[in-house]
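See structure below.
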Amino acid sequence: MINHRRDRGKTGHSDPYPVHTLKRVDRPTTLILDDQVKRVDERESGFMRAGRGDFGPRLKKEYYRFVQKHPLSNALVNMGFHLRKVVDGETASKAAAMTDDPAWMAGHIKETAYFLRADLVGICKLPPYSVYSHSAWRGGYELELNHQYAIAILADQDTRTEMAFDGRDWISNSMSFMSYTVSGFIACVLADYIRQLGYPARAHHALNYYTVLPPILLWAGLGEMCRIGDIVLNPFLGPRFKAAIVTTDLPLAVDKPIDFGLQDFCSKCGKCARECPSGAISHGDKVMHNGYEKWPNDVEKCTAMRVGNKAGAGCGTCIKVCPWSKPYTYFHRAVNWTMRHVPIARRFGVWGDDLMGYGKPDPGKKWWLDQEWVDGELRVPIKKGGKEPDYL
Amino acid sequence: MRVFASDYRDDDPAHGPDPFPVHVLKRVDRPTVRIIDDQVNRVDERESGFNRARRGDFGPKLQHEMGRFVPKFPVSGALSFMASALVNIVDGKVANSKAPLPEDPVAMSRHIKEFAYFMRADLVGICHLPPYAVYSHSFSTGEPIELTHKYAIAIMIDQDWKTFRGSTGHDWISGSQSFLSYSTSGFIACALADYIRRLGYPARAHHARNYQVLVPPILVLAGLGEMCRIGDIVLNPFLGPRFKAAIVTTDLPLAVDKPIDFGLQDFCNKCKKCARECPSGSISDGEKVMHNGYEKWSNNVVKCTSMRVGNKHGSSCGTCIKVCPWNKPFTPFHRLIMWTMRNVPFARRLGVWGDDLLGYGKAEEQYKWWYDLEDVDGQMQIPPKSRDVEFYEAQPSENRSERSGS
């Protein structure tokens, strides 16, 4: 387990990756006009629109089975549903007599999350625009959340599986939901711990969100916005993770955003745009969108591919092919360092990645079973990923 | 060869998907602890040390402490809150029809292990479910238990090396380390059992808050460790005793693992560090004895339970885990020592001497990351700092059973 790398008590760095080597900046590397960003309505997300029928009746029907159609992602989302009820609870009536040093407290909260087997943790002030305006559940009620801080917990989607899959075969959804439930599990325990200390805290995970994740990840120094679009890319995990959040009023010192040269890298690489099976990722420049200057992505095409994939369950091709999505070995750490520090090397990033053959599935590592739930029984599907995408 | 790897999962597919090099271990037909199968009686869950404390067998003070020794510290409180959320999801409906699966049980075993490792399990092993590993009666209902599943899948979770470095073994974090591993392994077991039921085979998860099986015989038969001097505990060659396990029992046809022999019976014979350091004196420094059909080192359940439940300067106790020379990180240096201890019988004489010489087993303050707190009457307070060992001793009571040394 990665957690063995955390054993660096003497240097004071508790993180399992060398985040202390990253360059910190005052503002995220993506331009955000704070006063122009509107709160997002959860009902308007791509998945919810597919479920509502905005993308046609066939995708509406598929929306209700695209996670459940594979038994592994179905078991994982079922765990997520069980975690839905344990995100919040009673706060202890009196705050525990603890330190008033928010820096110590932030270090303690991170250590607790790493003890609970998180892969990376970051803390920021909760930006008001990262709270959804309306929930997608139970009729779409209005959301209010006044917590001051957000703690983001990252869970890796698993290197070995990522090396084995082709990005859009039958394991893709399971990788997402493994990380959703694992990070959600940690967030629910951490929120309960903080409530016992006498401060309100709520966990937010894939089956029960009040918050939009990307701005929190940016402000907490866990990554930069990337070409994929609405996704944050971490320097050590690449885009190969999912996150859960704990929002709280426990006084904490916050992390600062990071700059590892990704805006420059993504403007040169473009591998995700080249490989995206639905053409949802832009080859062009950034545009202004809801107060963010970011690469646009076509939510409708992306959702159609993920929900309507006929040859697999879900899609994570952009995660699969991204040159930053690599195991944490000495070789890849050296390349990773070079890409972060040597701007000229970024021109050769995608060329070297293609040359080494990355981005292709490794059948020797494939461990899952291709299965599809059709008409009340599991069958072996005829189509399994492949070069030519096939979706509704 | 990956000398510097901390994770073997991405290595040669011929070795299997395990994150530790289990393929180098010597496999044997029978466990290294003698088990006389037809003399082992099924155990009644109501007679475990904790449940006897809960019943009042050890006196009213320990009965009271039994209700608070986990939630009195907020980290273990939060983790047991999560474990409680897993109580009712161990079993469910089995799919009506069986999924088209590979007929080779070896391929299925590998697949099941891969899924558990995908869910971040630290080690997984599979065995036939021995009938004597099923509890005779449930503690929560008092009802007799019938469980006829053929196979048991054991899922192990590390209790975190870094935290053990900072701990004395009997301070405030000890119970949290247990419950980290209980609830995390339980979480994986519940998802795995759900997955197997969706494939059309019955499967039930067993975790600390909802067991129908006794874990140690399953771990031994699944090749995840040998019985050790600590008593009722199984010791793994890579994690030492620093883990907890959850089980999935099922009828899905699987290939089973074989027990392992890494020289531990010889090592424990010579080392005795746990017996020397045990704060309550529960661990024997003598020879093995026959107990319920097992030839094993005895331990004093009453004293051990009293120390864990009644610990006045901490929450629970894991001193035996802390001080065990096998409790080490998976670094090249320690892997070399572990290899030597497994393969060179003569070196085992020097094991405990070298471990003491290098200063292992002491708490290192700079690694302590938790904050000492104690819930007293609904209010979190800072407990007085003390490294003394003090615990509520078991008091004789009228209905106390006379069994001891079990």
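Each chain gets a letter, A, B and so on, in the order its sequence line appears, and its residues count up from 1.
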Exercise for the section: Select one option (side chain, backbone, both, neither) describing which atoms of B:Pro102 are under 4.5 Å from chain A's heavy atoms. Expected result: side chain
Problem - Expected output: side-chain A:Glu111 to main-chain B:Trp370 donor-acceptor under 3.5 Å - result: no
Practice task
Mind running side chain to side chain contact (heavy atoms under 4.5 Å, CB included) on B:Tyr117 and A:Trp367 for me, showing each step along the way?
Solution key: CA-CA 11 Å; B:Tyr117 291 133; A:Trp367 60 270; over 6 Å; no
Problem - When A:Met79, A:Arg195, A:His82 are compared by non-hydrogen pairs under 4.5 Å with chain B, the top option - result: A:Met79
Fill in the blank from the handout: Turns out that what part of A:Ala191 lies under 4.5 Å from chain B's heavy atoms comes down to neither
Fill in the blank from the handout: One option among A:Gln157, A:Met178, A:Glu377 has the most heavy-atom pairs under 4.5 Å with chain B, and it is A:Met178
Handout entry: Per-residue contact mode, B:Ala191 against chain A (heavy atom under 4.5 angstrom)
Key = both
Practice task
Would you mind checking which part of B:Gln381 comes under 4.5 Å of any heavy atom in chain A, side chain (CB onward), backbone (N, CA, C, O), both or neither?
Solution key: neither
Practice task
Could you check A:Trp368 against B:Glu114 for side chain to side chain contact (heavy atoms under 4.5 Å, CB included), going step by step and ending with a plain yes or no?
Solution key: CA-CA 8 Å; A:Trp368 60 94; B:Glu114 289 262 20; over 6 Å; no
Problem - Ring centers of B:Tyr371, A:Trp104 separated by less than 6.0 Å - result: yes
Problem - Verdict with supporting geometry, B:Val75 and A:Gln196, side chain to side chain contact (heavy atoms under 4.5 Å, CB included) - result: CA-CA 9 Å; B:Val75 178; A:Gln196 288 186 63; over 6 Å; no
Practice task
Measure B:Thr184 against the heavy atoms of chain A and call it side chain, backbone, both or neither at under 4.5 Å.
Solution key: both
Exercise for the section: With rounding to the nearest 0.5 Å, note down the distance linking CG in A:Leu83 to CG in B:Leu86. Expected result: 8.0 Å
Handout entry: Choice from B:Leu79, B:Leu180, B:Leu192 maximising heavy atom contacts with chain A below 4.5 Å
Key = B:Leu180
Problem - Beyond-backbone contact of A:Asn78 with B:Cys190, side-chain heavy atoms, under 4.5 angstrom - result: no
Handout entry: Full working for side chain to side chain contact (heavy atoms under 4.5 Å, CB included) between A:Ser174 and B:Phe115
Key = CA-CA 10 Å; A:Ser174 303; B:Phe115 175 44; over 6 Å; no
Problem - Flag, side chain of A:Arg117 to backbone of B:Arg120, donor-acceptor distance under 3.5 Å - result: yes
